[in-house]
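Before any comments, here is the structure.
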Amino acid sequence: LKAFRDNFQFSKYVIFPKPILASELVLVEEKIYGSPLHEWYGGDGDKSPAHRRLAQSGSDLFLQMILTDNFFHADIHPGNCLVGQRKGE
């Protein structure tokens, strides 16, 4: 988690939770609020500014992990990928 937090510390669209407690058996993280990704993507071709920003941010996230950081989050599922809303948007 620290590597992800460090790698994306300057991103304005991607955050990783802070660990509260970590041991060999348990990982407790801060609560991050948002909507599951599937609620934002319906496959309907929506080209709204929010959907375009979401698509671009997601692409940037994966490309940075693969091409720049050489450190990839391999457990992407709805509980690990939430969409939040920035104030004023």
Query raised in the report: Hey, mind stepping through Gln64 and Asn7 against side-chain contact (heavy atoms from CB on, under 4.5 Å) and telling me if it holds?
Result: CA-CA 9 Å; Gln64 178 180 331; Asn7 292 346; 4.0 Å; yes
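Cluster annotation: Leu1 is not connected to Ile20 through the hydrophobic network of ILVMFWY side chains, with a link wherever side-chain heavy atoms come within less than 4.5 Å. Cluster membership for Tyr33 and Ile15, using ILVMFWY side-chain heavy atoms within less than 4.5 angstrom, is not shared. Hydrophobic clustering, with ILVMFWY side chains joined whenever heavy atoms are under 4.5 angstrom apart, groups Phe72 together with Leu67.
Side chains of Leu61 and Phe8 form a contact here, defined as non-hydrogen atoms less than 4.5 Å apart.
Of all non-hydrogen atoms in Pro17 and Ile32, the two that sit nearest each other are CB-CG1, 3.8 Å. Considering all non-hydrogen atoms of both residues, Leu27 and Pro19 come closest at CD1-CB, 4.2 Å. Arg5 and Glu30 make their closest contact through NH1-OE2, 4.3 Å (heavy atoms, listed as atom of the first residue, atom of the second, distance).
Donor-acceptor pairing under 3.5 Å is recorded for the side chains of Asp60 and Gln56.
Looking only at distances, a side-chain donor or acceptor of Asn80 sits under 3.5 Å from a matching main-chain atom of Asp75.
By the ring-ring contact (aromatic ring centres under 6.0 Å, His included) test, Phe4 pairs with Phe16, Phe71, His73, sequence neighbours left out. Listed by chain and number, the residues in a side chain to side chain donor-acceptor pair (under 3.5 Å) with Glu29 amount to none (sequence neighbours excluded).
Within 6.0 Å of CZ in Arg52 there are 12 or fewer heavy atoms belonging to other residues, nucleotides or ligands.
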